[in-house]
Q: 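Once you've had a glance at the structure underneath, I'll fire off some questions.
Note: hydrogens, waters and symmetry copies are ignored here, and every other heavy atom, side chains too, is used. Just follow the structure's listing: the first ligand is 1, and inside any ligand the first atom is 1.
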Amino acid sequence: MTHSISPADSFAGRAHLPADKSVAHRAALIAAIADGPSILHNFPSSADPRSTLSCLRQLGVPIETSPDNSVTVHGVGRSGFSAPDAPLDCGNSGTTMRLLSGVLAGQPFCSELIGDASLSSRPMERIARPLRTMGANISLKDGHAPIRIQPCDNLTGIHYKLPVPSAQVKTCVLLAGLWAKGQTILHETIRSRDHTERMLNLTIRSADDGRAIHSDSSCTIPQGTFTLPGDFSAAAFILVAASLAGTAPVHMSGVGLNPSRTGLLDVLRRMGANIQISNRRTSGVEPVGELSVHRNPLHGVTVSGDEIPNVIDEIPIIAVAGAFAKGVTIIRDATELRYKECDRIQATVANLRALGANVEEFEDGLAVTGMVPLHGAKVSSYGDHRIAMAMGVAALGARGTTTIEGAHAAAVSFPEFWDTIAALQA
Ligand code: S3P
(Lines give C-alpha, C1' and ligand atoms only; values in the text may rest on other atoms or scores of the structure.)
Protein backbone atom coordinates (compact mmCIF):
# COMPACT_ATOMS: atom_id res chain seq x y z
CA MET A 1 0.00 0.00 0.00
CA THR A 2 1.19 3.52 -0.79
CA HIS A 3 -0.14 6.47 1.16
CA SER A 4 0.04 10.12 0.17
CA ILE A 5 0.17 12.97 2.66
CA SER A 6 0.12 16.72 2.15
CA PRO A 7 0.34 19.38 4.83
CA ALA A 8 -3.09 20.62 5.91
CA ASP A 9 -4.33 23.96 7.23
CA SER A 10 -5.07 22.44 10.59
CA PHE A 11 -3.60 19.81 12.88
CA ALA A 12 -5.32 19.58 16.25
CA GLY A 13 -7.60 17.52 18.44
CA ARG A 14 -7.46 14.29 20.40
CA ALA A 15 -5.51 11.24 19.26
CA HIS A 16 -6.42 7.74 20.39
CA LEU A 17 -3.35 5.56 20.83
CA PRO A 18 -2.92 1.81 20.49
CA ALA A 19 -1.90 -0.04 23.65
CA ASP A 20 1.79 -0.48 24.40
CA LYS A 21 3.13 -3.41 22.44
CA SER A 22 6.12 -4.05 24.73
CA VAL A 23 3.75 -4.36 27.67
CA ALA A 24 1.29 -6.45 25.63
CA HIS A 25 3.87 -9.14 24.69
CA ARG A 26 4.99 -9.47 28.28
CA ALA A 27 1.47 -9.43 29.74
CA ALA A 28 0.37 -12.23 27.35
CA LEU A 29 3.44 -14.42 27.98
CA ILE A 30 3.25 -13.99 31.74
CA ALA A 31 -0.51 -14.62 31.77
CA ALA A 32 0.12 -17.82 29.79
CA ILE A 33 2.39 -19.26 32.50
CA ALA A 34 0.13 -18.19 35.37
CA ASP A 35 -2.08 -20.81 37.00
CA GLY A 36 -5.49 -19.74 35.73
CA PRO A 37 -7.17 -17.03 33.68
CA SER A 38 -6.10 -13.40 33.30
CA ILE A 39 -8.03 -10.66 31.52
CA LEU A 40 -5.95 -8.13 29.60
CA HIS A 41 -8.03 -5.04 28.85
CA ASN A 42 -7.07 -2.68 26.01
CA PHE A 43 -5.00 -5.36 24.27
CA PRO A 44 -3.68 -3.96 20.95
CA SER A 45 -4.92 -5.19 17.59
CA SER A 46 -1.52 -4.50 16.03
CA ALA A 47 0.31 -7.30 14.23
CA ASP A 48 3.23 -7.84 16.63
CA PRO A 49 1.29 -8.61 19.83
CA ARG A 50 -1.10 -10.73 17.74
CA SER A 51 1.94 -12.82 16.69
CA THR A 52 2.63 -13.50 20.37
CA LEU A 53 -1.00 -14.58 20.91
CA SER A 54 -0.96 -16.93 17.95
CA CYS A 55 2.31 -18.56 19.07
CA LEU A 56 0.87 -19.06 22.56
CA ARG A 57 -2.24 -20.68 21.08
CA GLN A 58 0.02 -23.07 19.16
CA LEU A 59 1.59 -23.98 22.50
CA GLY A 60 -1.82 -25.01 23.80
CA VAL A 61 -2.79 -21.86 25.69
CA PRO A 62 -6.53 -21.11 25.34
CA ILE A 63 -7.00 -17.44 24.48
CA GLU A 64 -10.25 -15.59 23.79
CA THR A 65 -10.45 -12.17 22.24
CA SER A 66 -13.51 -9.91 22.60
CA PRO A 67 -14.72 -7.05 20.41
CA ASP A 68 -14.07 -4.63 23.32
CA ASN A 69 -10.31 -5.30 22.90
CA SER A 70 -10.01 -7.46 25.96
CA VAL A 71 -8.17 -10.75 25.77
CA THR A 72 -8.63 -13.62 28.21
CA VAL A 73 -5.56 -15.82 28.55
CA HIS A 74 -6.22 -19.11 30.34
CA GLY A 75 -2.80 -19.61 31.91
CA VAL A 76 -1.60 -23.20 31.81
CA GLY A 77 1.08 -22.87 34.47
CA ARG A 78 4.82 -23.26 34.06
CA SER A 79 4.60 -26.89 32.99
CA GLY A 80 1.38 -26.72 31.00
CA PHE A 81 2.54 -25.95 27.44
CA SER A 82 2.07 -28.58 24.77
CA ALA A 83 4.49 -29.26 21.94
CA PRO A 84 3.64 -27.20 18.84
CA ASP A 85 2.89 -29.25 15.74
CA ALA A 86 4.30 -26.62 13.35
CA PRO A 87 6.95 -23.87 13.48
CA LEU A 88 5.95 -20.88 15.62
CA ASP A 89 5.59 -17.93 13.27
CA CYS A 90 6.69 -14.70 14.97
CA GLY A 91 5.92 -12.62 11.85
CA ASN A 92 7.81 -9.31 12.01
CA SER A 93 8.11 -9.32 15.79
CA GLY A 94 11.59 -9.45 17.31
CA THR A 95 10.08 -9.19 20.79
CA THR A 96 7.93 -12.30 20.21
CA MET A 97 10.90 -14.29 18.93
CA ARG A 98 13.39 -13.27 21.59
CA LEU A 99 11.05 -13.44 24.59
CA LEU A 100 9.44 -16.70 23.51
CA SER A 101 12.88 -18.29 23.05
CA GLY A 102 13.51 -17.63 26.75
CA VAL A 103 10.23 -19.34 27.63
CA LEU A 104 10.89 -22.32 25.34
CA ALA A 105 14.54 -22.90 26.32
CA GLY A 106 13.53 -24.98 29.35
CA GLN A 107 10.59 -26.94 27.90
CA PRO A 108 10.48 -30.74 27.51
CA PHE A 109 9.71 -30.55 23.76
CA CYS A 110 11.25 -29.34 20.50
CA SER A 111 10.22 -26.05 19.01
CA GLU A 112 11.14 -23.96 16.02
CA LEU A 113 10.66 -20.19 15.73
CA ILE A 114 10.45 -18.55 12.33
CA GLY A 115 9.76 -15.03 11.09
CA ASP A 116 9.34 -12.90 7.99
CA ALA A 117 12.30 -11.81 5.83
CA SER A 118 13.10 -8.83 8.07
CA LEU A 119 13.00 -10.84 11.30
CA SER A 120 15.03 -13.65 9.68
CA SER A 121 17.86 -11.19 9.08
CA ARG A 122 18.05 -9.87 12.67
CA PRO A 123 20.75 -11.06 15.08
CA MET A 124 19.73 -13.94 17.35
CA GLU A 125 23.13 -15.03 18.66
CA ARG A 126 22.64 -12.41 21.39
CA ILE A 127 19.91 -14.59 22.95
CA ALA A 128 21.31 -18.00 21.96
CA ARG A 129 24.63 -17.35 23.74
CA PRO A 130 23.27 -16.80 27.29
CA LEU A 131 20.59 -19.47 26.84
CA ARG A 132 23.28 -22.01 25.86
CA THR A 133 25.27 -21.02 28.96
CA MET A 134 22.14 -21.89 30.96
CA GLY A 135 22.21 -25.35 29.34
CA ALA A 136 19.72 -24.85 26.51
CA ASN A 137 20.24 -26.64 23.23
CA ILE A 138 19.61 -23.99 20.58
CA SER A 139 20.64 -23.82 16.96
CA LEU A 140 20.47 -20.90 14.55
CA LYS A 141 21.12 -20.48 10.86
CA ASP A 142 24.21 -18.27 10.53
CA GLY A 143 23.24 -16.38 13.67
CA HIS A 144 19.63 -15.88 12.54
CA ALA A 145 16.21 -17.52 12.65
CA PRO A 146 14.96 -20.18 12.24
CA ILE A 147 15.70 -20.88 15.89
CA ARG A 148 15.53 -24.57 16.80
CA ILE A 149 15.22 -25.44 20.46
CA GLN A 150 15.66 -29.03 21.70
CA PRO A 151 13.97 -30.38 24.84
CA CYS A 152 15.70 -29.40 28.08
CA ASP A 153 14.70 -30.04 31.66
CA ASN A 154 17.87 -28.93 33.41
CA LEU A 155 18.48 -25.24 32.79
CA THR A 156 20.80 -23.68 35.36
CA GLY A 157 20.66 -20.08 36.54
CA ILE A 158 23.52 -17.86 35.41
CA HIS A 159 25.05 -14.53 36.27
CA TYR A 160 24.97 -12.64 32.97
CA LYS A 161 26.21 -9.16 32.15
CA LEU A 162 24.39 -7.78 29.12
CA PRO A 163 26.92 -6.93 26.38
CA VAL A 164 24.38 -4.67 24.61
CA PRO A 165 21.65 -2.74 26.40
CA SER A 166 18.62 -4.67 25.16
CA ALA A 167 15.33 -5.21 26.97
CA GLN A 168 14.57 -8.14 24.69
CA VAL A 169 17.77 -10.00 25.61
CA LYS A 170 17.31 -9.06 29.28
CA THR A 171 13.74 -10.38 29.31
CA CYS A 172 14.66 -13.54 27.38
CA VAL A 173 17.26 -14.50 30.02
CA LEU A 174 15.06 -13.52 32.98
CA LEU A 175 12.15 -15.57 31.61
CA ALA A 176 14.39 -18.61 31.03
CA GLY A 177 15.44 -18.18 34.67
CA LEU A 178 11.87 -19.08 35.71
CA TRP A 179 12.59 -22.68 34.61
CA ALA A 180 16.19 -22.85 35.84
CA LYS A 181 17.76 -24.45 38.89
CA GLY A 182 19.21 -21.70 41.08
CA GLN A 183 19.20 -17.95 40.59
CA THR A 184 19.62 -16.06 37.35
CA ILE A 185 21.19 -12.65 37.91
CA LEU A 186 21.03 -10.30 34.97
CA HIS A 187 23.35 -7.34 35.17
CA GLU A 188 22.66 -4.25 33.06
CA THR A 189 24.99 -1.26 33.06
CA ILE A 190 22.69 0.95 30.97
CA ARG A 191 19.03 0.81 31.88
CA SER A 192 16.60 -0.43 29.24
CA ARG A 193 12.79 -0.67 29.48
CA ASP A 194 11.83 -2.40 32.73
CA HIS A 195 8.30 -3.73 32.09
CA THR A 196 9.30 -7.34 32.82
CA GLU A 197 10.87 -6.53 36.19
CA ARG A 198 7.77 -4.56 37.16
CA MET A 199 5.28 -7.21 36.08
CA LEU A 200 7.09 -10.07 37.77
CA ASN A 201 8.03 -7.89 40.75
CA LEU A 202 11.62 -9.13 40.45
CA THR A 203 14.27 -8.35 43.03
CA ILE A 204 16.62 -5.62 41.82
CA ARG A 205 19.88 -4.70 43.51
CA SER A 206 21.77 -1.54 42.63
CA ALA A 207 25.42 -2.04 41.83
CA ASP A 208 28.21 0.50 41.26
CA ASP A 209 27.89 0.01 37.54
CA GLY A 210 24.18 -0.56 37.05
CA ARG A 211 21.50 -2.94 38.30
CA ALA A 212 21.36 -6.66 39.00
CA ILE A 213 17.94 -8.24 38.38
CA HIS A 214 17.13 -11.65 39.88
CA SER A 215 14.78 -14.35 38.65
CA ASP A 216 14.33 -17.97 39.67
CA SER A 217 11.79 -20.76 39.65
CA SER A 218 10.18 -19.57 42.87
CA CYS A 219 9.05 -16.22 41.39
CA THR A 220 5.32 -15.68 41.79
CA ILE A 221 3.60 -15.33 38.42
CA PRO A 222 0.89 -12.65 38.64
CA GLN A 223 -2.61 -13.49 37.51
CA GLY A 224 -5.72 -11.34 37.29
CA THR A 225 -7.00 -8.29 35.42
CA PHE A 226 -4.66 -5.81 33.84
CA THR A 227 -5.36 -2.71 31.71
CA LEU A 228 -2.62 -1.97 29.21
CA PRO A 229 -1.36 1.62 28.90
CA GLY A 230 -1.31 3.57 25.65
CA ASP A 231 1.94 3.16 23.72
CA PHE A 232 4.38 6.00 24.38
CA SER A 233 6.30 4.95 21.26
CA ALA A 234 3.12 5.54 19.21
CA ALA A 235 2.52 8.86 21.01
CA ALA A 236 6.05 9.85 19.91
CA PHE A 237 4.92 10.40 16.31
CA ILE A 238 1.98 12.55 17.36
CA LEU A 239 4.14 14.54 19.82
CA VAL A 240 6.54 15.50 17.02
CA ALA A 241 3.76 16.08 14.46
CA ALA A 242 1.94 18.44 16.85
CA SER A 243 5.19 20.23 17.78
CA LEU A 244 5.86 20.92 14.09
CA ALA A 245 2.45 21.33 12.54
CA GLY A 246 -0.06 21.86 15.36
CA THR A 247 -2.57 24.64 14.84
CA ALA A 248 -4.10 24.05 18.28
CA PRO A 249 -3.20 21.61 21.06
CA VAL A 250 -3.20 17.88 20.50
CA HIS A 251 -4.20 15.69 23.47
CA MET A 252 -3.62 12.01 24.23
CA SER A 253 -4.89 10.22 27.31
CA GLY A 254 -3.88 7.03 29.12
CA VAL A 255 -0.35 7.23 27.72
CA GLY A 256 2.26 4.94 29.30
CA LEU A 257 4.82 7.12 31.08
CA ASN A 258 7.25 4.50 32.35
CA PRO A 259 10.48 6.50 32.88
CA SER A 260 12.50 3.81 31.11
CA ARG A 261 10.54 4.68 27.94
CA THR A 262 9.99 8.44 27.99
CA GLY A 263 13.46 9.73 27.07
CA LEU A 264 11.84 11.41 24.06
CA LEU A 265 10.06 13.83 26.40
CA ASP A 266 13.45 15.03 27.67
CA VAL A 267 14.85 15.24 24.14
CA LEU A 268 11.86 17.18 22.79
CA ARG A 269 11.83 19.54 25.76
CA ARG A 270 15.56 20.19 25.24
CA MET A 271 14.61 21.04 21.65
CA GLY A 272 12.06 23.57 22.93
CA ALA A 273 8.84 21.54 22.60
CA ASN A 274 5.81 22.56 24.64
CA ILE A 275 4.44 19.36 26.19
CA GLN A 276 2.31 19.19 29.33
CA ILE A 277 1.59 16.10 31.40
CA SER A 278 -1.49 15.90 33.61
CA ASN A 279 -3.58 13.35 35.47
CA ARG A 280 -0.61 11.16 36.35
CA ARG A 281 -1.65 7.85 37.89
CA THR A 282 -0.74 4.17 37.73
CA SER A 283 -2.44 1.47 35.75
CA GLY A 284 -1.41 -1.85 37.28
CA VAL A 285 2.37 -1.55 37.57
CA GLU A 286 2.80 1.12 34.88
CA PRO A 287 2.59 4.92 35.26
CA VAL A 288 0.22 6.66 32.82
CA GLY A 289 -0.99 10.19 32.20
CA GLU A 290 -2.43 12.68 29.73
CA LEU A 291 -0.17 14.49 27.24
CA SER A 292 -0.99 17.86 25.66
CA VAL A 293 1.25 19.35 22.98
CA HIS A 294 1.30 22.87 21.56
CA ARG A 295 3.32 23.80 18.49
CA ASN A 296 6.61 25.51 19.35
CA PRO A 297 9.80 26.31 17.43
CA LEU A 298 12.46 23.61 17.92
CA HIS A 299 16.24 23.81 17.95
CA GLY A 300 18.86 21.12 17.35
CA VAL A 301 20.25 18.87 20.12
CA THR A 302 22.67 16.00 20.54
CA VAL A 303 21.35 12.61 21.63
CA SER A 304 23.99 10.01 22.53
CA GLY A 305 25.47 7.69 25.16
CA ASP A 306 23.34 6.25 27.96
CA GLU A 307 20.28 8.13 26.70
CA ILE A 308 20.06 6.00 23.54
CA PRO A 309 18.38 2.83 24.95
CA ASN A 310 15.59 4.98 26.39
CA VAL A 311 14.84 6.52 22.96
CA ILE A 312 15.87 3.55 20.81
CA ASP A 313 12.52 3.32 19.00
CA GLU A 314 12.15 7.09 18.73
CA ILE A 315 15.35 7.94 16.86
CA PRO A 316 13.82 8.10 13.34
CA ILE A 317 11.21 10.57 14.60
CA ILE A 318 13.89 12.58 16.48
CA ALA A 319 15.74 12.87 13.16
CA VAL A 320 12.53 14.15 11.55
CA ALA A 321 12.11 16.71 14.35
CA GLY A 322 15.74 17.70 13.72
CA ALA A 323 14.97 18.43 10.07
CA PHE A 324 12.55 21.16 11.23
CA ALA A 325 14.71 22.46 14.11
CA LYS A 326 17.08 25.41 14.04
CA GLY A 327 20.69 24.22 13.99
CA VAL A 328 22.06 20.70 13.87
CA THR A 329 20.61 17.59 15.54
CA ILE A 330 23.21 14.89 16.12
CA ILE A 331 22.52 11.26 17.02
CA ARG A 332 25.49 9.06 18.03
CA ASP A 333 26.07 5.71 19.77
CA ALA A 334 23.02 4.27 18.02
CA THR A 335 24.55 1.45 15.92
CA GLU A 336 21.81 -0.85 17.31
CA LEU A 337 19.42 0.96 14.95
CA ARG A 338 21.02 -0.90 12.08
CA TYR A 339 19.60 -4.19 13.49
CA LYS A 340 15.96 -3.20 13.86
CA GLU A 341 13.10 -4.07 11.47
CA CYS A 342 15.33 -2.44 8.84
CA ASP A 343 18.60 -0.52 8.99
CA ARG A 344 16.94 2.54 10.48
CA ILE A 345 19.98 4.80 10.10
CA GLN A 346 20.25 4.11 6.40
CA ALA A 347 16.46 4.29 5.85
CA THR A 348 16.08 7.58 7.74
CA VAL A 349 19.01 9.20 5.95
CA ALA A 350 17.85 8.06 2.48
CA ASN A 351 14.27 9.19 3.03
CA LEU A 352 15.14 12.55 4.55
CA ARG A 353 17.55 13.20 1.67
CA ALA A 354 14.77 12.35 -0.81
CA LEU A 355 12.68 15.07 0.86
CA GLY A 356 15.54 17.55 0.42
CA ALA A 357 17.01 17.50 3.94
CA ASN A 358 20.68 18.01 4.67
CA VAL A 359 21.72 14.79 6.46
CA GLU A 360 25.07 13.20 7.17
CA GLU A 361 25.27 9.47 7.92
CA PHE A 362 27.61 7.99 10.54
CA GLU A 363 28.17 4.33 11.31
CA ASP A 364 26.51 4.94 14.71
CA GLY A 365 24.02 7.68 13.88
CA LEU A 366 23.41 10.76 11.81
CA ALA A 367 23.44 14.55 11.81
CA VAL A 368 20.65 16.60 10.29
CA THR A 369 20.89 20.33 9.67
CA GLY A 370 17.41 21.69 10.20
CA MET A 371 15.29 24.38 8.57
CA VAL A 372 16.27 23.36 5.03
CA PRO A 373 12.83 23.52 3.32
CA LEU A 374 11.57 20.00 2.54
CA HIS A 375 9.58 19.12 -0.57
CA GLY A 376 7.18 16.25 -1.15
CA ALA A 377 8.79 13.16 -2.71
CA LYS A 378 8.45 9.41 -2.98
CA VAL A 379 9.88 7.70 0.11
CA SER A 380 9.85 4.11 1.38
CA SER A 381 8.91 2.47 4.65
CA TYR A 382 11.57 -0.18 4.02
CA GLY A 383 8.89 -2.50 5.42
CA ASP A 384 9.42 -0.89 8.84
CA HIS A 385 6.48 0.53 10.82
CA ARG A 386 8.49 3.26 12.54
CA ILE A 387 10.07 4.46 9.30
CA ALA A 388 6.63 4.62 7.65
CA MET A 389 5.20 6.72 10.48
CA ALA A 390 8.27 8.96 10.81
CA MET A 391 7.97 9.78 7.10
CA GLY A 392 4.25 10.45 7.52
CA VAL A 393 5.17 13.12 10.06
CA ALA A 394 7.95 14.55 7.88
CA ALA A 395 5.38 14.86 5.07
CA LEU A 396 3.26 17.19 7.23
CA GLY A 397 6.04 19.76 7.08
CA ALA A 398 7.12 19.27 3.46
CA ARG A 399 5.80 21.41 0.59
CA GLY A 400 3.62 19.37 -1.73
CA THR A 401 2.64 15.74 -1.54
CA THR A 402 4.77 12.91 -0.15
CA THR A 403 4.05 9.33 -1.15
CA ILE A 404 5.08 6.62 1.28
CA GLU A 405 5.55 3.21 -0.28
CA GLY A 406 4.82 0.30 2.06
CA ALA A 407 2.82 2.57 4.38
CA HIS A 408 0.80 -0.45 5.61
CA ALA A 409 3.84 -1.42 7.71
CA ALA A 410 2.45 0.99 10.35
CA ALA A 411 -0.02 -1.78 11.28
CA VAL A 412 2.77 -3.64 13.07
CA SER A 413 2.36 -1.26 16.02
CA PHE A 414 -0.23 1.44 15.12
CA PRO A 415 -2.88 0.17 12.66
CA GLU A 416 -4.95 3.37 12.93
CA PHE A 417 -1.98 5.70 12.36
CA TRP A 418 -2.98 7.03 8.92
CA ASP A 419 -6.61 7.54 10.01
CA THR A 420 -5.41 9.27 13.19
CA ILE A 421 -3.26 11.70 11.19
CA ALA A 422 -6.14 12.36 8.78
CA ALA A 423 -8.54 13.01 11.68
CA LEU A 424 -6.11 15.48 13.29
CA GLN A 425 -5.79 17.24 9.93
CA ALA A 426 -9.53 17.48 9.41
C1 S3P B 1 11.66 -3.95 23.00
C2 S3P B 1 12.98 -3.64 23.16
C3 S3P B 1 13.75 -2.87 22.18
C4 S3P B 1 12.83 -2.12 21.23
C5 S3P B 1 11.72 -2.97 20.70
C6 S3P B 1 10.87 -3.50 21.84
C7 S3P B 1 10.99 -4.76 24.04
O8 S3P B 1 14.55 -3.75 21.42
O9 S3P B 1 13.59 -1.59 20.16
O10 S3P B 1 10.90 -2.23 19.83
O11 S3P B 1 9.76 -4.80 24.07
O12 S3P B 1 11.71 -5.35 24.85
P13 S3P B 1 16.03 -4.19 21.90
O14 S3P B 1 15.88 -4.99 23.12
O15 S3P B 1 16.58 -5.00 20.76
O16 S3P B 1 16.78 -2.91 22.12
Q: Taking the side chain as everything from C-beta on, heavy atoms only, tell me whether I30 gets closer than 4.5 Å to I221.
A: yes
Q: Heavy-atom distances under 4.0 Å are what count here, so tell me which part of R26 touches ligand 1: side chain, backbone, both or neither.
A: side chain
Q: Taking the non-hydrogen atoms of D313, is any one of them nearer than 4.0 angstrom to ligand 1?
A: yes
Q: Check whether any side-chain heavy atom of V288 lies under 4.5 Å from a side-chain heavy atom of V255, and answer yes or no.
A: no
Q: Which part of R193 is near ligand 1, with near meaning a heavy atom under 4.0 Å away: side chain, backbone, both or neither?
A: side chain
Q: Hey, are N358 and E360 close enough side-chain-wise for a donor-acceptor pair under 3.5 Å?
A: no
Q: Are more than 12 heavy atoms, taken from residues, nucleotides or ligands other than H159, located less than 6.0 Å from that residue's NE2 atom?
A: yes
Q: Please confirm whether K21 comes within less than 3.5 Å of ligand 1 when only nitrogen or oxygen atoms on both sides are compared.
A: no
Q: Give the atom numbers and elements of ligand 1 that come within less than 4.0 Å of a heavy atom of I312.
A: 9 (O)
Q: Quick one: does S166 get an N or O within less than 3.5 Å of an N or O on ligand 1?
A: yes
Q: Between R261 and E314, is there a salt bridge with N-O shorter than 4.0 Å?
A: no
Q: Do the non-hydrogen side-chain atoms of H25 and D48 ever get within less than 4.5 Å of each other?
A: yes
Q: Quick test of your reading of the structure: of H25, Q168, R261, R386, whose heavy atom lies closest to atom 1 (C) of ligand 1?
A: Q168
Q: Given V303, which of I330, I308, I315 fulfils the side chain to side chain contact (heavy atoms under 4.5 Å, CB included) condition?
A: I308
Q: With a 4.0 Å cut-off on heavy atoms, is K340 touching ligand 1?
A: yes
Q: Flag R126 as yes when one of its N or O atoms lies below 3.5 Å from any N or O atom of ligand 1, and as no otherwise.
A: no
Q: Taking both backbone and side-chain atoms of R122, is any N or O found less than 3.5 Å from an N or O belonging to ligand 1?
A: no
Q: Decide whether S260 and D194 meet the rule of one side-chain donor and one side-chain acceptor closer than 3.5 Å.
A: yes
Q: Any nitrogen or oxygen of A167, main chain or side chain, under 3.5 Å from a nitrogen or oxygen of ligand 1?
A: yes
Q: Please could you name the atoms of ligand 1 that S22 approaches to less than 4.0 Å, counting only its heavy atoms?
A: 1 (C), 6 (C), 7 (C), 11 (O)
